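We use all heavy atoms of the structure for the numbers below, so side chains are in, but hydrogens, waters and symmetry mates are not. What you see is a predicted model, and the numbers here were worked out from it, not measured in a lab.
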Amino acid sequence: MEVTNVFGFVILVHIFIYCFDRYMKRNNSQRYKNFLSMTPIQIHFMSLRWTTLLFNKIINNWTTREKNKLCWWYSLGTMVTVLLCIPSLILLASTAVVSFENLRQHENHEAILQPVVPGVNLPSTDLPYYLITLLVCTVVHEIGHALAAVSEQIPLISFGLIVWLIVPAAFVELPTKDVTSLSPWKQLKIYCAGVWHNIVLSIVAFLIVVSLPILLMPLFQTGVGVSVLNLDGYAVGGYHDFQIGDQLIGVNGCRVTEDNSWKQCLAAVLHASSSGFCVNNAYLVGVAANDQLGCCNNSELSQSHLCFISSSDVISHHYCLRAREVSELSTAWCSNHKDCSNNQSCLRPLFQSELENETDSARLILIQRKNAASIIFVGHPDELYRSVSVSNYVPRTFIGPKYVIVIYHLMWYLFSFSAGLAVLNVVPCIFMDGQHIVGALTEMVFKGCESVSMKRQAQRALIFSGTSLVIVNIAFSLLSMVL
């Protein structure tokens, strides 16, 4: 189902729920009132909000036991977060410059920070990762605020979740007056706690990503080829065709060790001239050669045979042969007869596109498999790249690599999204944590200063610059997607 259809369906569901809620409340339905009293859900237009007190006691008890450790933990997090304020502003400014240059010069250089829009620059297949990541990142972020507040003797009012359309997010409710009555340093610890948790989450996720080959060594091996994960749109037919789980170790003699080398080998086949096979002349003696053989003229014989050409400095011969037989008898790859020994000839496949002088010709590609016969593929290398999904993780057991791909994708999304949220929240932008962080910092910097107006002007200037940077980045990024 396409992303637009999903969003359309979700919008209709939200409209139905909202209209049903208005109708039941207007009619004073007692059953509906009882239902809402048992389930603390608030229904708004295009959003659902759920709050609970279930976690208050758990958080309070645990924070009381670990108060000293939490005090040290959030003091460290506050210092790290404050140090990241300037680099985050520089990163946003540089991203805005890159996005502006892309628009001005009609280029597409990828920026470090960019908004993610499902269906535009996020594949529809990755939508579950997107939603799970947002939920996890916001839950971890809000838990940071809750723990830091309770450790400073600020009571937690409630914890909750909100779903806007299909986008989930967590939140905590704290008594604002109690928080603002604290010293600037204690306020800063509470405001920085969410960003600090996002930083730690992104580091943990990144470490898991880079250490996956070591962690999964008992179940998978890496660097020994690639495993076929999925066959998107590829017609599987025949005993020697691709199978899910195949271990691919080479392409036309190019060694494959991981997915990057798989792509490089396919690219090498694409950019190289048509490769041939060194075959003994004794084999060709028993094969009738003719300039007008059937498979070279696209007849019925071409369904089971390929047209091969053997060229020398003097004469060229055409042969109608089975590709697998030729590949199995071959001793080496060649581009002309000079690449073979004296008693051999170089047989190169000749396709109809070449006979018609087409530039984008097909290729005969030999994909080597471990413990299985090689796959012979006739077509364009790009078709293999698009239709055959591979994984670096070759199974040692019956467990397939698709679970590893899920873990890898989820950890990579957690790393990038959590780091992005940390950068955005540390920037002095309105409605973000950075707004409150700047407020507490200016209170500390201007402590003892009698001029209240100077302090407010400094806060407003910083918040205005940070908000402007965020708006400019979002605007440039969205324009680059549309144009």
Could you give the distance from OG1 (T467) to CD1 (I430), rounded to the nearest 0.5 Å?
6.0 Å

Has E152 got a side-chain atom pairing as donor or acceptor with I154's backbone, closer than 3.5 angstrom?
no

Centroid separation H409 to Y130 less than 6.0 Å:
no

If we ignore hydrogens and angles and just use 3.5 Å, is the side chain of N252 paired with the main-chain N or O of L366 as donor and acceptor?
yes

Mark yes when over 12 heavy atoms from residues, nucleotides or ligands other than R22 sit less than 6.0 Å from its CZ; otherwise mark no.
yes

Backbone of F431 reached by a side-chain donor or acceptor of Q435 within 3.5 Å:
yes

Taking Y393's backbone N and O only, do any of them form a donor-acceptor pair with S391's side chain (distance below 3.5 Å, no angle check)?
yes

On a heavy-atom basis, the closest approach of P175 and I157 is N-CD1, 3.6 Å

V394 vs K370 side-chain heavy atoms within contact, under 4.5 Å
no

Once the angle between the rings of Y129 and Y413 is folded into 0 to 90°, is it parallel (under 30°), tilted (30 to 60°) or perpendicular (over 60°)?
parallel

Over 12 non-hydrogen atoms of neighbours within 6.0 angstrom of CZ in F171:
yes

Let me confirm one number: the CZ-CZ distance from R363 to F377, rounded to the nearest 0.5 Å.
12.0 Å

Quick check for you: to the nearest 0.5 Å, what is the distance between L84 atom CG and N425 atom CG?
12.5 Å

Decide side-chain hydrogen bond (donor to acceptor under 3.5 Å, both in side chains) for Y32 and N27; before the verdict, give the C-alpha distance in whole Å, the side-chain angles of both, and the deciding distance to 0.1 Å.
CA-CA 10 Å; Y32 188 65; N27 290 335; over 6 Å; no

First locate atom CD of E443, then atom OG1 of T180, and finally report the distance between them rounded to the nearest 0.5 Å.
10.5 Å

Residue pair V226 / D259: nearest heavy atoms and the distance that separates them
CG1-N, 3.5 Å

If only side-chain N and O atoms count, and only distance matters, is there a donor-acceptor pair under 3.5 Å linking T442 with Q459?
yes

Classify the ring geometry between F206 and F415 as parallel (under 30°), tilted (30 to 60°) or perpendicular (over 60°).
tilted

Looking at F16, Y18, W164, which one forms a ring pair (Phe, Tyr, Trp, His ring centres under 6.0 Å) with F45?
Y18

Is a side-chain N or O of T138 found less than 3.5 angstrom from the main chain of A169, in a donor-acceptor match?
no

Main chain of N60, side chain of T63: is a donor-acceptor contact present, judged purely on distance under 3.5 Å?
no

Step through the shown structure and confirm whether more than 12 heavy atoms of other residues, nucleotides or ligands are within 6.0 Å of CD1 on I214.
no

Does the ring pair (Phe, Tyr, Trp, His ring centres under 6.0 Å) test come out yes or no for H197 and Y74, once each step is laid out?
CA-CA 9 Å; H197 274 211; Y74 289 115; 5.6 Å; yes

Are T222 and E258 close enough that some pair of their side-chain heavy atoms sits under 4.5 Å apart?
no

Verify side chain to side chain contact (heavy atoms under 4.5 Å, CB included) between T257 and V224, making sure each step is shown before the conclusion.
CA-CA 5 Å; T257 56; V224 293; over 6 Å; no

Audit row: R49, E173, salt bridge (charged side-chain N to carboxylate O under 4.0 Å, His left out) steps and yes/no:
CA-CA 13 Å; R49 182 186 177 98; E173 290 183 290; 3.8 Å; yes

Spacing of OG belonging to S151 relative to NZ belonging to K186, to within rounding of 0.5 Å
9.5 Å

More than 12 heavy atoms of other groups within 6.0 Å of R255 CZ:
no

Correct closest heavy-atom pair for H14 and M46 would be ND1-C, 3.5 Å

For N198 and C137: C-alpha separation, side-chain torsions, deciding distance, then whether side chain to side chain contact (heavy atoms under 4.5 Å, CB included) applies.
CA-CA 7 Å; N198 280 135; C137 288; 4.2 Å; yes

Under 6.0 Å from the NZ atom of K67, do we count more than 12 heavy atoms belonging to anything else shown?
no

Using a 4.5 Å cut-off on heavy atoms from C-beta on, say whether the side chain of V209 contacts that of L207.
no

Checking side chain to side chain contact (heavy atoms under 4.5 Å, CB included) for the pair M24/K33: CA distance, chi angles, key distance, verdict?
CA-CA 9 Å; M24 297 301 287; K33 288 181 180 179; over 6 Å; no

Name the one of I59, L53, I58 that satisfies side chain to side chain contact (heavy atoms under 4.5 Å, CB included) with N56?
L53

Establish, from distance only, whether the side-chain atoms of N260 and Q264 form a donor-acceptor pair under 3.5 Å.
no

V167 versus L131, closest heavy-atom pair with distance:
CA-CD2, 4.3 Å

I437 and L188, any side-chain heavy atoms less than 4.5 Å apart:
yes

Before giving the answer on side chain to side chain contact (heavy atoms under 4.5 Å, CB included), spell out for W50 and T39 the whole-Å C-alpha distance, their side-chain angles and the decisive distance to 0.1 Å.
CA-CA 8 Å; W50 173 76; T39 55; over 6 Å; no

Measure the shortest side-chain to side-chain distance between L248 and Q368 over non-hydrogen atoms and say whether it is less than 4.5 angstrom.
no

Looking only at heavy atoms, which two atoms of I166 and L127 are closest? And how far apart?
CD1-CD2, 4.2 Å

Evaluate the side-chain proximity of L384 to I365: yes if any heavy-atom separation is below 4.5 Å, no if none is.
yes

Got T95 and F476 here, is their nearest side-chain heavy-atom distance under 4.5 Å?
no

If we only count heavy atoms from C-beta on, is the D246 to I375 side-chain gap below 4.5 Å?
yes

Counting distance only, does the side-chain N/O of H145 pair as donor-acceptor with the main-chain N or O of A193 below 3.5 Å?
no

Do you know the tightest heavy-atom contact between W196 and G77?
CD2-CA, 3.2 Å

What's the spacing between E66 CD and T64 OG1 if we round to 0.5 Å?
10.0 Å

